[in-house]
Amino acid sequence: MTEIGGRIAREAGEAREQQRRLGGLSFARAPGAAPEQAAPGTPLVDIDQALKVVLRHRWLVLGTLGLALALAIIVTLLATREYRAEATLQINAQPAQILGSRNQPQPRFRNDDQYLQTQFGILRSRALAERVARDLKLAEDPAFLDPATPSAQRARAAAAKLARNLEVAPQRGSDLVTLAYTDPDPARAARIANGFAEGFIAATTENRYNTTNYARGFLQDQLAVARERLENSERALVAYAQRQGIVQLDSGSARSSGGREGDGPSAATGDTLSSQTLLGLNNALAQATGERIAAEQAYRQAGGAGVSGEQIADPALQSLRAERARLEADYSERLKTFKPDYPDMLALAAKIAEVKSAIARETGAIASSLASRYRAAAGRERELQAEVAQLRAQVLDLRSRGIGYNFLQREVDTNRELYDALLQRFKEIGVVGELGENQATVIDRALAPMGPYRPQPLRNLGIALVLGLIAGLGLAFLVEFVDDTVKSPEEISDMLGLPVLGVVPRPGKGEKVSEQLEDAKSPVTESYQSITAALRFIGDGGTPRSILVTSSRASEGKSTSSLAIAQSLARGGKRVLLIDADMRNPTFLSDSARLWGLSTLLANTAKLVEMVVPTRLETMWLLPAGPIPSAPAHLLATLRIHEVIAEATATYDVVIVDAPPVLGLADAPTLASICEATVLIVEAGSARRAAIRRTLRRLLDAKASVAGTVLTKFQPKTGSDHESYGYGYGYGQGAAPSAPGLLGKLRRRPGTENKTLDIGT
């Protein structure tokens with residue numbers, strides 16, 4: 001304890017200069033205290049502090065945890081045993097396309113997830129629950145439904161109970177869904193789960209059948225209307241063609257060969273008689289024109305200087321020209337030997353002349369034939385041109401009359417397409433309805449469970465354990481947050497920035513502070529000796545000559561601490577004067593103290609040595625409070641108190657002033673401004689932080705030199721006692737119970753009556 005006091009005293013010297021600079025609500029921090037702003041990397045939660053809070057309120061945490069476990073056990077024991085049966089369904093979001101287009105089939109449902117969610121909603125629907133209740137006759141089952149339920153509401157109540165106890169759990173990533181039903185009867189739970197599965201399949205089948213039946217009837221009505229429209233449009237088309245004299249030829253083949261459906265007499269596809277004739281004449285005219293051009297070209301070539309193709313290709317001319325060439329060659333050959341008038345030469349020349357004459361006659365005949373052919377081709381061309389012109393006029397007239405025909409033809413084609421589509425759809429619906437395709441299939445039927453599903457003891461205990469622990473910790477930290485009393489020395493250092501001079505433990509049961517102080521080895525005595533040692537190091541000159549001991553409120557151990565510090569200093573060889581400055585509620589009472597004391601000394605000019613009372617310690621004296629004055633604050637506001645303190649410090653080594661509490665009174669700040677050092681007493685687990693801050697502020701405002709604090713009545717294991725604070729302090733309340741008979745018998749001052757002065761309560 002002495003080493004602790006020395007360390008705290010050394011810290012006091014460092015913090016002394018800091019606390020002198022404090023102003024307002026800003027207090028200096030003790031050396032080594034954590035700063036207000038957490039440094040980078042510092043954890044937001046102080047684990048050590050949190051553990052201290054938990055340990056401080058461990059009984060609250062354990063009690064809450066025990067209560068939660070007890071409640072869980074009670075609930076588990078009292079809960080009704082419930083059994084859970086499960087059935088598995090497969091819902092086909094994309095059924096097989098049995099009928100459809102020859103091309104790639106289109107999916108029946110665009111959004112599988114949306115469809116599945118719809119089916120899950122149907123499984124949870126009230127209509128399905130009512131169907132199951134009706135199929136299983138649960139409304140009449142007294143074991144399932146309360147017999148006191150009115151008959152008019154039994155069906156609805158049974159359906160509501162079914163829906164409440166049913167759980168629809170889709171299996172992620174598949175088309176499977178689990179239907180789970182919970183009931184006190186295991187066999188009934190399985191029967192109801194299977195009832196929901198079968199009822200869902202039956203309901204979807206009925207809905208599909210009703211939809212197909214409605215569609216079949218609707219399509220039948222539409223087919224009758226479409227058939228009547230088609231027949232009427234065909235009759236109108238035939239009647240119009242008869243009136244206009246329009247003959248439609250080969251219309252079916254024209255469409256099958258790539259022609260457009262609905263092409264009528266106005267189209268150039270040859271599907272009417274006039275169009276067919278015009279097409280034939282037009283082809284013949286083109287052929288005649290070609291023949292005329294060829295004949296004219298051959299004729300003109302034959303009539304000119306050139307040779308026509310017919311002349312070149314004629315066999316007779318070719319033979320004559322060959323003969324002529326042979327004769328002319330022979331003549332030329334012989335001319336080398338014979339003269340032209342030689343008889344053989346003359347005979348050869350006559351033959352050549354005959355051949356040429358034959359060639360001329362044959363050429364003329366060919367030219368005459370070409371001329372005849374040209375004239376014939378030109379005549380045929382003119383005839384065909386006249387016929388084409390006449391027939392073109394007829395076709396144009398037919399086209400103007402074919403506008404109405406085309407309109408009627410398109411109406412016929414549209415009605416036929418609509419009729420064919422309705423007929424095809426009607427046949428498909430009939431086939432699908434006969435197939436009876438189901439959208440849902442039962443994969444696993446529900447079986448009667450072997451064991452109960454609820455309650456689950458281990459699960460309940462685990463939940464209770466977690467919730468109880470969370471609630472206990474929450475209550476502990478809530479109490480810690482709401483309870484702003486000081487419970488440890490570290491809190492004082494962090495809050496005020498002042499050193500803790502010492503910690504005084506609370507005496508145990510049956511022990512008194514006076515007895516602890518009489519024992520030199522008791523924890524209380526050791527603590528005050530440590531505090532006294534710490535006071536020797538707060539200043540450069542050792543122990544301050546005048547020390548004020550005060551607190552925020554009454555009953556914090558202020559007077560006991562004053563006496564204990566005075567006794568400790570006196571035992572150390574110091575001449576100590578203890579001044580009871582609490583003139584409102586004196587602590588140290590005696591017969592002489594009621595006659596004279598501090599109040600008497602402040603009211604006159606008597607000497608200090610005439611008013612002090614010796615104690616059983618040779619080096620310790622007491623200046624009692626004296627008679628209670630009407631206005632103690634007025635006495636302390638005079639210069640006389642300065643003279644008294646100065647005289648005391650001049651006469652004695654150390655003056656200990658036991659001052660009244662700070663809050664609500666002006667005495668302590670006045671005395672603190674006079675004394676060299678001030679020690680603030682804080683009761684552990686009772687003093688409020690706000691009150692301590694206000695106390696320190698008042699002392700600093702009075703220019704007091706606060707040396708440090710002393711934490712009294714400290715119980716490190718049990719924590720605070722959560723007493724309410726306040727300063728209910730007044731005249732005539734008697735002595736504080738914290739220092740009964742601490743001075744024992746005081747020795748009689750020389751010159752006074754021969755009385756034994758006892759300090760009572």
Side-chain angles (χ1 to χ4, degrees), residues 16 19-20 22-24 496 498 538-539 544-554 556 558-559 561-562 565-566 577-588 597-606 608 611-612 622-652 654-682 691-710 727-731 733 736:
R16 186 175 181 180
Q19 64 92 17
R20 287 187 178 276
L22 296 177
L496 302 180
L498 294 176
I538 64 174
R545 298 296 301 278
S546 58
I547 302 174
L548 177 76
V549 180
T550 185
S551 62
S552 300
R553 58 185 180 85
E556 292 193 56
K558 166 181 59 64
S559 299
S561 298
S562 302
I565 293 172
L577 174 63
L578 175 61
I579 300 177
D580 187 359
D582 192 351
M583 294 181 288
R584 288 179 172 80
N585 189 15
T587 301
F588 308 104
L598 179 61
S599 60
T600 308
L601 190 61
L602 294 176
N604 54 44
T605 59
L608 175 64
M611 301 294 175
V612 296
L622 169 69
L623 176 61
I628 298 177
S630 59
H634 292 170
L635 292 177
L636 294 175
T638 62
L639 295 177
R640 178 60 177 163
I641 186 62
H642 293 268
E643 297 175 356
V644 171
I645 299 298
E647 184 180 355
T649 55
T651 306
Y652 302 95
V654 180
V655 177
I656 306 297
V657 180
D658 179 19
V662 175
L663 295 181
L665 301 175
D667 300 8
T670 302
L671 293 171
S673 64
I674 302 172
C675 294
E676 184 177 345
T678 300
V679 176
L680 181 61
I681 304 300
V682 177
I692 298 173
R693 289 192 181 96
R694 290 198 300 270
T695 299
L696 183 59
R697 184 190 303 123
R698 292 198 63 189
L699 292 175
L700 295 177
D701 290 342
K703 307 302 180 181
S705 176
V706 182
T709 59
V710 174
Y727 183 57
Y729 201 74
Y731 293 100
Q733 294 182 358

Self-check item: Residue list, side chain to side chain contact (heavy atoms under 4.5 Å, CB included) with Ile674, at least two apart or on another chain
Solution: Ile641, His642, Ile645
Exercise. Answer whether the closest heavy-atom distance between the side chains of Ile628 and Pro586 falls below 4.5 Å.
Key: yes
Exercise. Compare every heavy atom of Leu623 with every heavy atom of Gly597, then report the nearest pair and how far apart it is.
Key: C-CD1, 4.1 Å
Quiz prompt | Close side-chain approach of Pro627 to Thr600, heavy-atom, < 4.5 Å | solution = yes
Exercise. Can you see which heavy atom on Ala668 is nearest to which on Leu548, and at what distance?
Key: O-CD2, 3.6 Å
Self-check item: With sequence neighbours excluded, residues passing side chain to side chain contact (heavy atoms under 4.5 Å, CB included) with Pro544
Solution: Ile538, Ile547, Glu676, Ala677
Practice problem: Examine distances only and state if a side-chain atom of Thr649 and a backbone atom of Ala646 form a donor-acceptor pair shorter than 3.5 Å. | Solution: yes
Quiz prompt | Partner set under side chain to side chain contact (heavy atoms under 4.5 Å, CB included) for Ala566, not counting sequence neighbours | solution = Val576, Leu578, Met620, Ile656
Quiz item: So how far is it from Ile681 CD1 to Thr695 OG1, rounded to the nearest 0.5 Å?
Solution: 12.0 Å
Quiz prompt | Flag, side chain of Ser599 to backbone of Ala625, donor-acceptor distance under 3.5 Å | solution = yes
Quiz item: Is the shortest heavy-atom distance from the side chain of Val682 to the side chain of Ser552 under 4.5 Å?
Solution: no
Exercise. Measure the CE-CG distance between Met611 and Asn604 for me, rounded to the nearest 0.5 Å.
Key: 5.0 Å
Quiz prompt | Side-chain (Glu647) to main-chain (Leu608) donor-acceptor, under 3.5 angstrom | solution = yes
Quiz item: Considering all heavy atoms of both residues, which atom of Leu601 and which atom of Ala606 are nearest to each other, and what is their separation?
Solution: CD1-O, 3.1 Å
Practice problem: Spell out, as yes or no, whether a donor-acceptor pair under 3.5 Å connects the side chain of Arg698 to the backbone of Leu665. | Solution: yes
Quiz prompt | Partner residues of Glu643 under the salt bridge (Lys or Arg N to Asp or Glu O under 4.0 Å) criterion, sequence neighbours left out | solution = Arg640
Quiz prompt | salt bridge (charged side-chain N to carboxylate O under 4.0 Å, His left out) pairs, two or more places apart, involving residues 655-672 | solution = Lys558-Asp658, Arg584-Asp667
Exercise. For Thr550 and Leu680, indicate whether the former's side chain and the latter's backbone hold a donor-acceptor pair under 3.5 Å.
Key: no
Quiz item: Listed by chain and number, what are the side-chain hydrogen bond (donor to acceptor under 3.5 Å, both in side chains) partners of Thr709, not counting sequence neighbours?
Solution: none
Quiz item: Atom CG of Leu622 and atom OG of Ser562: how far apart are they, to the nearest 0.5 Å?
Solution: 11.0 Å
Quiz item: Distance from Leu699 atom CG to Thr678 atom OG1, nearest 0.5 Å?
Solution: 6.0 Å
